[in-house]
Amino acid sequence: MASMAEKPVPNQKLKPRRLKGHEDSTTCCIASRQHSHIIVTSGDDGRVCWFDLRCPDVPQLVMDVSVEPVSSLCFKSGMEDMIYVSSGKEIKCFDVRVASAQWKPLENYNYNKEEINKVVCNSQSSFLAAADDNGEVKIIDIRQQCLYKTLRAGHTSICSTVEFLSWRSWEVISGGLDSMLMLWDFSKGRPYKVVDFATFDASSGIAGRCVNPAFVHAIAVPEVDMLDKLDKICAVARGDGAINVINIETEMTATKSKSSSNSRKASHSRSKDGSSSSNTDADQNGKKRLHLDYTLGGHTAAISSLAFSLFGERGKFLISGGNDKLVKVWNWSCYPDAGLSDDNNTNILHLNIEVPRKVNWLCTTSANTDNLVVCDTSKVVKDLEFAEEAMKSEIQALVVAGTKPKMVQSGVPLCNTCGEPVGLSDNGEVFVACHECNFPICKDCFDHEINEDHRVCMRCGTPYEERKKDDFHEIEVHENQSTRASEISNSQDVGLHARHISTMSTDDSEVNEESGKSIWKKRVESWKGRDKKNKKKKAAPKEESEASIPQEQQMEEKRSTEAAAAPLSVIIPMSKSKIAPYRAVIIMRLIILGLFFHYRVTNPVESAFPLWLTSIICEIWFAFSWVLDQFPKWSPINRQTFTENLSARFEREGEPNELAAVDFFVSTVDPLKEPPLITANTVLSILAVDYPVDKVSCYVSDDGAAMLTFESLVETADFSRKWVPFCKKFSIEPRAPEFYFSQKIDYLKDKVQPSFVKERRAMKRDYEEYKVRVNALVAKAQKTPEEGWTMQDGTPWPGNNSRDHPGMIQVFLGRTGARDIEGNELPRLVYVSREKRPGYQHHKKAGAENALVRVSAVLTNAPFILNLDCDHYVNNSKAVREAMCFLMDPEVGRDVCYVQFPQRFDGIDRSDRYANRNTVFFDVNMKGLDGIQGPVYVGTGCVFNRQALYGYSPPSMPNLPRSSCCCFPSKKSSTGVADVHRNAKKEELEAAIFNLKETDKYDENERSTLISQFSFEKTFGLSTVFIESTLMENGGVPESADPAMLIKEAIHVISCGYEEKTEWGKEIGWIYGSVTEDILSGFKMQCRGWKSIYCMPLRPAFKGSAPINLSDRLHQVLRWALGSIEIFLSRHCPLWYGFAGGRLKWLQRMAYINTIVYPFTSLPLIAYCCLPAICLLTGKFIIPTLSNVASVLFLGLFLSIIITSVLELRWSGVTIEDLWRNEQFWVIGGVSAHLFAVFQGLLKMLAGVDTNFTVTAKAAEDGEFGELYIVKWTTLLIPPTTLIIVNMVGVVAGFSDALNGGYESWGPLFGKVFFAFWVIFHLYPFLKGLMGRQNRTPTIVVLWSVLCASVFSLIWVKINPFVNTVDSETIAETCVAIDC
């Protein structure tokens, strides 16, 4: 290597020809085989240009073939007058001999579902192959002009390239962004050879790179006349900058022999400095896999194009172009024959050519023209012409390791047209065409504009000045240039893994009492300065300002003032024609219920008294539950928001934006159960919301302290730099990429920008690459190393023990972080993992949310908080503005504690078999509550007023003492000693708060003394900075605050002992004591007098995922019901809590009571579902023979039930199918999950026994809604299955008795069978889910259910408790009386 360092580096300067004819980026180029001087190019402008290299640098023929970008071109083999063009999802065929002003295609093929990436024609001109973004390859029979075969079920991501094998007429080879290379026999339609480059390097012993995944971007296959020299090979261009040359025949042989594939071993080794000593892998047949990577001077970024040379000795050179703005010529053909010496390793890179922009495509011309044509992201096609003797000569000089290529001269801008340096003028200064705006354009492009009679600047329209021709710098070519470590470090494609991750803030020490004092002082000083400025502004006379404003501007401001004064929201009550009949029917139904129960109680069934009594008890409970559910829907309302008025009021042009800041909370625990990709989509949708970026902060709580979550967030922060500006530029919806790209709609609708299609394709490709990186992290995290996870710099991950680790905070993006690709600021993104230690209660999700409340108060302190589950993304980018229409309205928002949005879901089956959408609750019950005191908090999709979370009362009401919310009103006189003391303490507290707000009257020590004196620390904890933030109604953090000190304070407030001896979880924040902390927290706020608002924008604000299979759905309902039982048995039970303040309205309290008692309905429900079977088996019935009055009562009751439902559907807009599904699952959940929740809750709260029910998957299905058909064994399945079997047995027994009993038996049978079928129809979705798609039911479920039903039937027959015993004498007397 020392001798190599002494040899000079010969450079060769080449000035390319600039072929101009496109108006947008060039995408593809192909060279004619029949006419070596003909080049055809395409671009994003939808244009195809034909160039003759013997003529001037303008196209000889221009074809405007599409309004969409042209992605790929190919000639018809043997007939190069016909060309195939792929644009969007369509392939068009044109005959250039039939020239016209408007080009009409001879053939159209529109078989691809997504955008086509490459189209290629086979050598016999019989088939076309088209690879698309859907991961499919369409084989088109161009002779029959029809689709021949679709090659699917191979690639799981974008299929980026495809080629026919010239030596096998029925085979193609394809590659994609799933890192797969697939060999297909398209006559059969399935792959028979797959190479996975994600694992290829490891199996080959080659050191792979983790910066960029090994996507397959391009494939080069030799033509027939090259096979003798090159063999049957395939060159693969990868996304990690490497090139693999594979012998296809050898790979096929290895596939057929399992032993040979398993015995293949790596010959690659690594030296101590990490350099590769070998870049080949010898297989059993002596053939070698060639691996050309950065260790041989290769690319440092993704390779986008690859081709074998057609000039000189055909196929001798392999030419590659990549995103590192380099074109490399590899003299690879002699490499396998040269052995494995280091000298040959360095000689393999023949030329290294720098180009101004990223390469899109390249090709070479045939014969002796020696032209290399390059299409990059500029409008100009570059044609590089080499000297034949220079290409044929072997260059003996070796390149010094570490030598850096000559770069573009510093300070010289790039041409906006061709992307090359604009060069220097005669006087040595940078060439400037327009002196008005300094628009960057080079001399060649400037001359082209003048020749085209475009004599004005393209930016500002100023006429150009006449100039003389100048000399410019040329593109440099470096021969035998190897890649250095400096190139790798400077590559723009290096991912965020190279960041110094160990700079994450962690703290494991004791609390520093002085940590917040400097911040306090700076805040006070900043407020003082702000107050002085405000006073000066107020002192300025209005007359001077008005006089200086022109009259037209005054009129415009007047109109904007009128718009700003317009209401932000209005209440739309239900029309009287809808609500009046609804209320009348409710009253009528209540009266009928009273008469019905009077009849039922006064007419017992003596022959089946226990059955009758059981039915009466059940029916009374059902009526009670109906009252609790029905009357809170007495006054439903709708609301309408006016976001344009919000903008007019708070976003006036020329003035600072006055919209309130919002802190987003996203919580996750286990990344293996909650996929990081789903969490990442939620975060991306938040970062891209339609709201000022400096007003948005996103906090991600990782309660499992998983390094996988942190690393995926690093990747997400990097991808957001591209995604956020794309969303805002084109106003796309939704702004979660996974769900945006999966939409089955016309994405071109309402999109008028011509660049949209091009940028969408590029963004989709970027997202697929991002997905591969995140999924690779997930695959890596499946197996934890014995020594634990280690960060990039070698330090151990602090969260290796998820139950014992320090607090961690990492701030991404934001004001001081990375900006987007357009240089704009991004919203702040913060990773938070609170401290956990053994022996401390952490309170699961509620504790994590409270930690986020404190962290956000210290770092950003936005006055409003929006919390989302990790699987709920922002579906409406204007959702925050919708909420602000209420919260920032001075008339409406003063007493609003939160704005709740309805939950909407993706991925649910069309019929919503298990009522996952909860449409009746969200579209009926919540609208009713909105007309009282507001909807309940449902755990996600809710925007909070931060002051309400701190336990304060609404501004319009005085603060309640802490003890007044949990007891009944006291009967003692208000003048008692206790009341006097309480009022005195209340006055002191209010005085303290008032004094603390007067910051300019107190110094630092006085203020700290007041905080300690009035017990703020006992309420909020030992953090001066946090306590001060709770008193700032409008939120905010002073700009003078020290970020390092804020981070240290934020670490302190998430320590595991911070909440001890405070009111956290008791009176402030999310309330502890139930797994359904959402209901409990909202209930506490409304007991203080706060109101909530239900916001239902036309486009759903948020969307999430729901468990759609039966077992998971039942366990979700079980958890909700268990939380209700916990609240019922706690001190916060709505039956007795919160009466003292008198601020919770009675109908609102009734709704909360309904939310905690509904699980107890399972007891009467399961008894009632057993009654039909018992009646059929015994021949008894719970209802006596009906009289005329009784018949009218029954008929009136059924009609009132039906009419109530119909009128509800009328004013709510809910469909009858949704109502029926809700009714069905009420029964299914009631006889399974709710029943178990009652017993589990009683055991947990009364006996301290915590029981869990395991769920085990038994079967899975592929395809859409495949999860719906997964059957999992769980104990919850036994009761409903037993009920179905018992009722079916009862129906069979009833019909058997009727057949044996004669005509008279059919009348009584009708009522019994009706109730039995009522049970069966309600449980039908359960039965359907239990059987699965192919009638697959866990055997244990069937065995248990049959056993329970059999035992029940045998016991019934043996005991027969409801049949009166009659002695033989009575029978004899009866026979005599009848005259037997």
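This is a predicted model, so every value here is computed, not measured.
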Would you find a donor on one side and an acceptor on the other, under 3.5 Å apart, between the side chain of [X] and the backbone of [Y]?
X: Ser569; Y: Thr641; result: no
X: Ser1081; Y: Ile1071; result: yes
X: Lys1091; Y: Tyr898; result: no
X: Gln900; Y: Val938; result: yes
X: Asn645; Y: Pro567; result: yes

Are a donor atom and an acceptor atom from the side chains of [X] and [Y] found within less than 3.5 Å of each other?
X: Glu733; Y: Ser877; answer: yes
X: Thr860; Y: Tyr699; answer: yes
X: Ser856; Y: Arg946; answer: yes

Among all residues two or more places apart in sequence or in another chain, which pass the side-chain hydrogen bond (donor to acceptor under 3.5 Å, both in side chains) test with [X]?
X: Gln947; result: none
X: Asn867; result: Tyr937
X: Thr668; result: Glu674
X: Thr1076; result: Ser1074

**Study point:** Other residues, nucleotides, ligands: >12 heavy atoms within 6.0 Å of Glu655 CD
**Key:**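 Enclosed: over 12 neighbouring heavy atoms sit under 6.0 Å from CD of Glu655.
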Review point. Take atom NZ in Lys728; do more than 12 heavy atoms of anything else shown fall under 6.0 Å from it?
Key: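 Yes, NZ of Lys728 has more than 12 neighbouring heavy atoms, counting only those of other groups under 6.0 Å.
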Exercise for review: On the 0 to 90° scale, with breaks at 30° and 60°, tag the Trp723-Phe719 ring pair as parallel, tilted or perpendicular.
Suggested key: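 Parallel.
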Check your understanding: When the ring planes of Phe944 and Trp1070 are compared, do they come out parallel, tilted or perpendicular, using 30° and 60° as the limits?
Key ->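 Phe944 and Trp1070: perpendicular rings.
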Practice item. Apply the test ring-ring contact (aromatic ring centres under 6.0 Å, His included) to residues His872 and Phe1102: give CA-CA distance (whole Å), side-chain angles for both, the deciding distance (0.1 Å), then the verdict. Key: CA-CA 6 Å; His872 275 69; Phe1102 309 101; 8.1 Å; no
Can you name the residues that form a ring-ring contact (aromatic ring centres under 6.0 Å, His included) with [X], not counting sequence neighbours?
X: Tyr691; value: none
X: Trp1064; value: Phe1026
X: Phe664; value: none
X: Phe922; value: none

Minimum heavy-atom distance [X]-[Y], with the two atoms named:
X: Thr682; Y: Cys870; answer: OG1-O, 2.7 Å
X: Val683; Y: Leu829; answer: CG1-CD1, 3.7 Å
X: Ser701; Y: Leu852; answer: CB-CD1, 3.6 Å
X: Lys845; Y: Gly939; answer: NZ-O, 3.3 Å

Side-chain ion pair, [X] and [Y], N-O less than 4.0 Å:
X: Lys633; Y: Asp923; value: no
X: Glu759; Y: Lys729; value: yes
X: Arg721; Y: Asp820; value: no
X: Arg881; Y: Glu651; value: yes

Partners meeting side chain to side chain contact (heavy atoms under 4.5 Å, CB included) with [X] (sequence neighbours left out):
X: Asp871; answer: Ile678, Asp869, Ser1105
X: Lys578; answer: Ser575, Arg1210, Trp1211
X: Pro1097; answer: Asn876, Glu882, Phe901, Cys1095, Ala1101
X: Leu677; answer: Asn681, Glu738, Tyr767, Tyr770, Lys771, Val774, Asn775

Check your understanding: Distance from Arg904 atom CZ to Arg917 atom CZ, nearest 0.5 Å?
Key ->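 Here the rounded value is 9.5 Å.
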